[in-house]
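Here the structure is laid out as structure tokens; the discussion comes afterwards.
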2 protein chains.
Amino acid sequence: MLEKKKKYHHGDLRTALVVAGLEILEEDGLDGLTLRAVAKRVGVSHTAPKNHFDGVKALWTAIATEGFWLHAKAMRDGVTSGATRDDKLRAAAAGYARFASEHPALFQLMFSPALCEHRDAALGEAASASYAVLREISAGLDWPGAEGPARQERTEWMVWSLVHGYAMLAISAQFPTGESGAPRHDVLSVMPKFGYPD
Amino acid sequence: MLEKKKKYHHGDLRTALVVAGLEILEEDGLDGLTLRAVAKRVGVSHTAPKNHFDGVKALWTAIATEGFWLHAKAMRDGVTSGATRDDKLRAAAAGYARFASEHPALFQLMFSPALCEHRDAALGEAASASYAVLREISAGLDWPGAEGPARQERTEWMVWSLVHGYAMLAISAQFPTGESGAPRHDVLSVMPKFGYPD
DNA sequence: TAGGTATGTTTACAGCGGAAACATTGATCG
DNA sequence: CGATCAATGTTTCCGCTGTAAACATACCTA
């Protein structure tokens with residue numbers, strides 16, 4: 001029997017729904033990411049997801065969670081090839097912004113509290129993994145204003161805010177764009193050149 | 001006649017709808033901002049907005065536009081009281097972040113390309129007014145990496161990215177919060193202390 | 001004062017998320 | 001091995017949403 005028999009049970013519907021959701025985000029953006037559209041793409045009735053997700057927001061949250069893992073990976077890939085700590089920092093920043101510009105709808109979803117449940121444990125874990133990349137790399141960075149309490153955490157927040165703000169503004173079409181449609185300046189040319197003291 | 005007579009025509013429905021939308025955003029967040037809910041609050045049929053807005057997204061865009069004007073005002077208010085340019089910069093940053101934390105749903109709407117039309121002329125004008133505050137204040141700021149082409153624009157983008165990123169991460173509940181529910185560090189404590197050379 | 005246009009209403013409809021009742025599968029346990 | 005039951009998927013129905021079309025009212029101007 002060459003034809004794959006259509007089974008009543010899917011096998012791994014939960015994963016399939018998340019994957020389908022990611023694909024829809026790439027093709028149609030956030031507007032197309034409806035429960036019914038995701039179910040239809042998988043070839044399943046629109047109420048089948050109910051067995052795996054408690055409502056659309058739970059599905060969105062699961063998709064965002066997968067997004068955070070991909071996001072962390074995108075950053076880490078560039079980092080490993082960096083020679084100095086500064087190279088690594090800039091590679092992470094570039095990876096952060098590139099991910100946002102390549103997957104704008106997914107990125108928007110990941111950081112929309114109205115769309116996904118940020119108190120979800122799995123989402124938190126994935127987001128932490130993404131954050132951890134910046135955290136490790138920014139450790140020990142020196143910048144004017146760094147001295148004071150909670151220096152390390154404030155350093156992380158400073159770097160994260162800068163890079164995240166650039167990424168968000170870029171996909172929100174707030175930056176004037178050049179001929180290519182991309183912003184006239186990339187993240188790196190907008191990042192202050194701080195140093196590592198030791 | 002003490003009772004205000006209900007007129008068939010509203011008089012300034014367009015403005016009333018935008019105001020009602022802003023109120024709903026404060027009370028119920030983005031989820032409650034439906035066309036029907038806005039119309040109902042104004043006391044008008046749910047198709048009446050069609051005469052003033054070409055679809056929900058146009059209404060959302062108009063609400064976001066008003067948000068940008070309020071946002072600009074919130075920043076400017078603090079700025080005028082600042083003595084030095086550095087004081088003004090920090091006041092603008094604080095105003096930027098405070099506006100986001102006080103009106104999270106509106107702020108989210110303002111920067112969601114999936115929800116409002118960023119190519120809209122009126123929106124662009126209001127957004128520019130908001131941007132102009134940071135633009136004026138960051139002019140001449142010195143920072144490591146500033147030298148090079150398009151120095152002034154890159155300076156604006158750097159400041160904007162930093163402040164905007166902080167604001168977005170704060171309302172996305174990405175920052176660990178203290179007991180009050182607010183982030184443990186405010187914008188100012190994660191803003192590098194750059195100076196003005198002259 | 002007459003007629004046209006701007007503005008608002010009513011009605012209808014398709015798409016959405018969710019609930020409930022039902023069908024099918026697969027796993028557990030005698 | 002067979003019966004039962006939980007897990008998973010379907011069907012059907014509901015209320016809510018945005019949109020369109022036909023209609024009603026009020027204003028404005030010639």
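Within every chain, numbering begins at 1; the chains are lettered A, B, ... in the order of the sequence lines, protein sequences first and strands thereafter.
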In whole angstroms, how far is the [atom2] atom of [N] from the [atom1] atom of [X]?
| X | N | atom1 | atom2 | answer |
| --- | --- | --- | --- | --- |
| A:Asp12 | C:dT25 | CG | C1' | 16 Å |
| B:Asn51 | D:dC27 | CG | P | 15 Å |
| A:Leu13 | C:dT24 | CG | C1' | 15 Å |
| A:Asp31 | D:dG18 | CG | C1' | 13 Å |
| B:Arg14 | C:dA6 | CZ | P | 16 Å |
| B:Leu59 | D:dT17 | CG | P | 14 Å |

Checklist outcome for this item: Hits for side chain to side chain donor-acceptor pair (under 3.5 Å) against B:Glu125, two or more places apart or cross-chain, chain-then-number order -> none

Checklist entry - Which of these nucleotides, D:dA20, D:dG9, D:dT12, is closest to any side-chain atom of B:Thr47? => result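 For B:Thr47, the side-chain atoms sit closest to D:dA20.
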
All N/O contacts under 3.5 Å from nucleotides 14-17 of chain C to the protein, with atom names and distances to one decimal?
residue, atom, partner, partner atom, Å
C:dG17, OP1, A:Leu35, N, 2.7
C:dG17, OP2, A:Leu35, N, 3.1
C:dG17, OP2, A:Arg36, N, 3.1
C:dG17, N7, A:Arg36, NH1, 2.4
C:dG17, O6, A:Arg36, NH1, 3.3

Item to check | For the student: nearest non-hydrogen atoms of B:Gly82 and B:Lys88, plus distance | outcome: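 Closest approach of B:Gly82 to B:Lys88, heavy atoms only: O-NZ, 3.2 Å.
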
Next on the checklist: Under 4.0 Å between a side-chain nitrogen and a carboxylate oxygen: does that hold for B:Arg98 and B:Asp186?
Outcome noted: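 Here B:Arg98 does not pair with B:Asp186 in a salt bridge, since their nearest N and O are not under 4.0 Å apart.
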
Checklist entry - Taking NZ, NE, NH1 and NH2 as the nitrogens, is one of them in B:Asp31 or A:Lys57 under 4.0 Å from a carboxylate oxygen of the other? => result yes

Checklist entry - So, is B:Lys50 near the phosphate of D:dT19, with a side-chain N or O under 4.0 Å from OP1 or OP2? => result no

Next on the checklist: Looking at A:His52, I'd like to know whether one of its side-chain N or O atoms comes within less than 4.0 Å of OP1 or OP2 on D:dG9.
Outcome noted: yes

Checklist entry - Can you find a heavy atom in the side chain of A:Leu35 that is under 4.5 Å from one in the side chain of A:Phe53? => result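 Counting from C-beta outward, A:Leu35 and A:Phe53 never come under 4.5 Å.
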
Checklist entry - Is there a donor-acceptor pair closer than 3.5 Å between any side-chain N or O of B:Arg154 and the backbone N or O of B:Pro149? => result yes

